[in-house]
Structures are given as structure tokens and as C-alpha cells.
Amino acid sequence: MGFVSMTEAIVIAIQLVSFVVIIIIMAVVANTMAMSARERTGEYAVFKTLGFGKWHIAGLIFGESFFITMTGCAIASLRPFRPQRPSVTP
């Protein structure tokens, strides 16, 4: 096997591992949102009592998860670029 074919195999392996990691992260996020929705059934019952429809309540749930996701993405994207303090050596 030549060097180029070996590096191609390494790249494919890295991509496969990356896809598996992304699928695991998506499963964790889905589980977290499902737990959050189950814990707040009382609040959703109050919304239904006040006259909110099921699609409006679903929109509130998805809107909240979208807001939390985008906030986390923004923080994670900006964190590596924060200015570093100069190291002070005595």
C-alpha cells in the first residue's frame, strides 16, 4: 500500500468516528429535551387550561430548545477567540 492510500484510510476512519460522535451528541440532546418536557407537564397543562393549542405549546418547546442550542453554539464558537491575558512572570 502506498502512502496516499494509507492516509485516505485514516481520513475515512476519522470521518466515521466523527459521524458516530455527532449521532451520540444528537441522542443526548434528544434525551435531555424529552426529560425536560416530561418534567414540565404541569406547566403545559396550565397552558392548555388557558386555551393554548397543542401546536402552540409544541412551538414553545421547540423554540426554547432552539434558543438554548443557539446560545450554546454562540458561546462555544466565541470562547476560543477571547483575548488571552498576558502571562506575568516575576
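Computed from a predicted model, the values in this text were never measured in an experiment. Values reported hereafter were calculated over all heavy atoms of this structure, with side chains retained and with hydrogens, waters and symmetry mates removed.
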Below 3.5 Å, can you tabulate the donor-acceptor pairs from side chains in residues 29-36 to any protein atom, sequence neighbours excluded?
residue, atom, partner, partner atom, Å
T32, OG1, V28, O, 2.9

Would you mind writing out the side-chain donor-acceptor pairs for residues 67-76 within the sub-3.5 Å range, not counting sequence neighbours?
residue, atom, partner, partner atom, Å
T69, OG1, S65, O, 2.7
T71, OG1, F67, O, 2.8

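Residue pairs meeting the salt bridge (charged side-chain N to carboxylate O under 4.0 Å, His left out) criterion with at least one member in residues 46-62, sequence neighbours excluded, do not occur. Applying the ring-ring contact (aromatic ring centres under 6.0 Å, His included) test to residues at least two apart or on different chains, the pairs with a partner in residues 19-55 are F47-F52, F52-H56. Contacts classified as salt bridge (charged side-chain N to carboxylate O under 4.0 Å, His left out) and involving residues 56-66 (residues at least two apart or in different chains) are given here: R40-E64.
Cluster annotation: V20 is not connected to I12 through the hydrophobic network of ILVMFWY side chains, with a link wherever side-chain heavy atoms come within less than 4.5 Å. Connection of I22 to V11 is not established within any shared hydrophobic cluster, with ILVMFWY side chains joined at heavy-atom distances below 4.5 Å, either directly or through further cluster members.
Remark: I14 engages I10, S18 in a side-chain contact (heavy atoms from CB on, under 4.5 Å) (not counting sequence neighbours).
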